[in-house]
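Throughout, residue positions are numbered sequentially from 1 according to the sequence presented. Indexing begins at 1, ligand by ligand and atom by atom, following the structure's order.
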Amino acid sequence: MVVVIDRDAEKLGELKEELGARCEILEGDAADPDAVNRCVDLIIDRFGGIDTVVGNAGVFDWYRRVDRMDGRELLTAFNELFAINVASYLLIARAAYPHLKASRGSLILTCSTASFRGGGGGALYTASKFAARGLVYQLAQEWAPDIRVNGVAPGGTVTALAGLAALGSHERHLGEDPRLVDAVAKSTPLGFVAEPADHAGAYVLLASAVNSRSMTGSIIVSDGGILACV
Ligand SMILES: NC(=O)c1ccc[n+]([C@@H]2O[C@H](COP(=O)([O-])OP(=O)(O)OC[C@H]3O[C@@H](n4cnc5c(N)ncnc54)[C@H](O)[C@@H]3O)[C@@H](O)[C@H]2O)c1
């Protein structure tokens, strides 16, 4: 059983239609502590425990250079992007901690090739994804031996990843930019841009206490070979 919190009611509806009784949905802001607490309470009320938590909410800065923003714009964009890409991971990790400890469960955070190198976004996005990698390492140390903490680092993937309201790019979605999708395919050694399903196996592996029992502090890179060329 999967419980999903997302701010996009339409996407949640589509997911519910696809997964039916196998999934519960909750509309809410993953960067709002009250909404996150409500989500954890719902899971405990309905299912009595939590085996795996995935921190995944994200937004993109569309490579916007900080030297091309004024200070106020930069700070507003930073607050929006870091609230979603970093604080939401901390909030769900914190709220789920006692339940993951009780189940000896696992936390999985979505990182990126931008967690390891420059050029996968602008400075704000790259800094946020380095922060996500830092959370994997730090929480893996702090929460061992009770909870395993790992990450998945996708490369460019055809999704609806959105920009920032603070930069007026919140209605721009990554998968809708054919030039970008084409450029990513050309710069990827395997020669194609991934679909979300191409990364699913990495999450399933990390969620499995049987198949990844000795994995913590690991980040599985699923990027078609991009980082191998750095
Ligand atoms: N698409 C890529 O090329 C790529 C590459 C590497 C990593 N990632 C990471 O993958 C993760 C998922 O992104 P995606 O590419 O699947 O994009 P996506 O837009 O399809 O998924 C992100 C989801 O987060 C939700 N969301 C955003 N802000 C939220 C908030 N405040 N509260 C609740 N939900 C919120 C969106 O509604 C959306 O459903 C992100 O962390 C992203 O940084 C994406």
Side-chain angles (χ1 to χ4, degrees), residues 2-16 18 23 25-39 53-63 77 79-93 95 107-117 119-122 124-133 135-136 151-166 169-178 180-185 187-188 192-200 202-203 219-224 226-227:
V2 178
V3 178
V4 179
I5 178 172
D6 199 294
R7 65 182 176 182
D8 185 329
E10 202 180 315
K11 274 192 187 168
L12 286 172
E14 287 167 10
L15 192 67
K16 182 71 188 160
E18 190 183 333
C23 123
I25 54 173
L26 181 68
E27 186 181 346
D29 182 352
D32 170 8
D34 295 335
V36 171
N37 291 342
R38 270 201 306 282
C39 180
V53 166
V54 178
N56 186 63
V59 283
F60 193 51
D61 63 2
W62 281 104
Y63 307 97
N79 287 338
E80 183 182 349
L81 190 139
F82 269 71
I84 298 171
N85 290 17
V86 184
S88 78
Y89 288 11
L90 284 161
L91 288 171
I92 191 65
L107 172 69
I108 306 170
L109 301 179
T110 300
C111 299
S112 168
T113 49
S115 300
F116 296 89
R117 60 155 202 168
L124 293 178
Y125 185 76
T126 301
S128 77
K129 288 299 175 185
F130 267 73
R133 181 175 155 217
L135 293 181
V136 170
V152 176
T157 306
V158 183
T159 69
L161 187 65
L164 294 169
S169 59
H170 54 296
E171 292 188 348
R172 189 172 168 199
H173 300 281
L174 194 132
E176 292 164 1
D177 186 331
L180 180 63
V181 170
D182 191 46
V184 172
S187 63
T188 301
F192 66 90
V193 183
E195 301 284 337
D198 295 321
H199 312 303
Y203 290 88
I219 298 178
I220 299 179
V221 175
S222 177
D223 71 345
I226 293 169
L227 286 178

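- Atom 40 (C) of ligand 1 has as its closest protein heavy atom Asn56 O, 3.1 Å.
- Annotation: ring-ring contact (aromatic ring centres under 6.0 Å, His included) contacts of Phe82 (sequence neighbours excluded): Phe78.
- Under the 4.0 angstrom criterion for non-hydrogen atoms, Gly155 is in contact with ligand 1.
- For Gly28, the heavy-atom gap to ligand 1 drops under 4.0 angstrom.
- With hydrogens and angles ignored, the 3.5 Å screen pairs no side-chain donor or acceptor of Asp32 with any backbone N or O of Asp29.
- The backbone N or O of Leu227 lies less than 3.5 Å from a partner atom in the side chain of Asp223, making a donor-acceptor pair.
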Return a table of donor-acceptor pairs under 3.5 angstrom between the side chains of residues 54-61 and protein atoms on other chains or two or more places apart.
residue: Asn56; atom: OD1; partner: Thr110; partner atom: OG1; Å: 2.7
residue: Asp61; atom: OD1; partner: Tyr63; partner atom: N; Å: 3.0
residue: Asp61; atom: OD1; partner: Gly122; partner atom: N; Å: 2.9
residue: Asp61; atom: OD2; partner: Gly122; partner atom: N; Å: 3.1
residue: Asp61; atom: OD2; partner: Leu124; partner atom: N; Å: 3.4
residue: Asp61; atom: OD2; partner: Tyr125; partner atom: N; Å: 3.0

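- Nearest heavy atom pair, residue Glu80 against residue Ala165, reads OE2-N, 2.9 Å.
- Atom 38 (C) of ligand 1 has its closest protein heavy atom at Lys11 NZ, 3.2 Å.
- Distances between N or O atoms of Ala162 and those of ligand 1 include no value under 3.5 Å.
- Neither the backbone nor the side chain of His173 has any atom closer than 4.0 Å to an atom of ligand 1 (non-hydrogen atoms only).
- Protein heavy atom at the shortest distance from atom 31 (N) of ligand 1 is Asp29 OD1, 2.8 Å.
- Heavy-atom separations between Gly156 and ligand 1 include at least one value shorter than 4.0 Å.
- Residue-ligand proximity, Tyr89 to ligand 1, at heavy-atom distances under 4.0 Å covers atoms 41 (O).
- For the pairing with Leu26, the side-chain contact (heavy atoms from CB on, under 4.5 Å) check across Val4, Ile5, Asp6 returns one residue only, Ile5.
- When only non-hydrogen protein atoms are considered, atom 13 (O) of ligand 1 lies nearest to Leu161 CD1, 3.7 Å.
- The nearest heavy-atom contact from the protein to atom 37 (O) of ligand 1 is Asp6 OD1, 2.6 Å.
- Without hydrogens or angle criteria, Arg7 side chain to Gly28 main chain gives no donor-acceptor distance under 3.5 Å.
- Among protein heavy atoms, the minimum distance from atom 8 (N) of ligand 1 is reached at Tyr125 OH, 3.7 Å.
- Counting heavy atoms closer than 4.0 Å to ligand 1, residue Cys111 contributes backbone atoms (N, CA, C, O) but none from C-beta onward.
- The N/O atoms of Thr113, backbone and side chain alike, include none that comes under 3.5 Å of an N/O atom in ligand 1.
- Counting protein heavy atoms only, atom 27 (C) of ligand 1 is closest to Arg7 NE, 3.5 Å.
- What sits closest to atom 16 (O) of ligand 1 on the protein, heavy atoms only, is Thr159 CG2, 3.6 Å.
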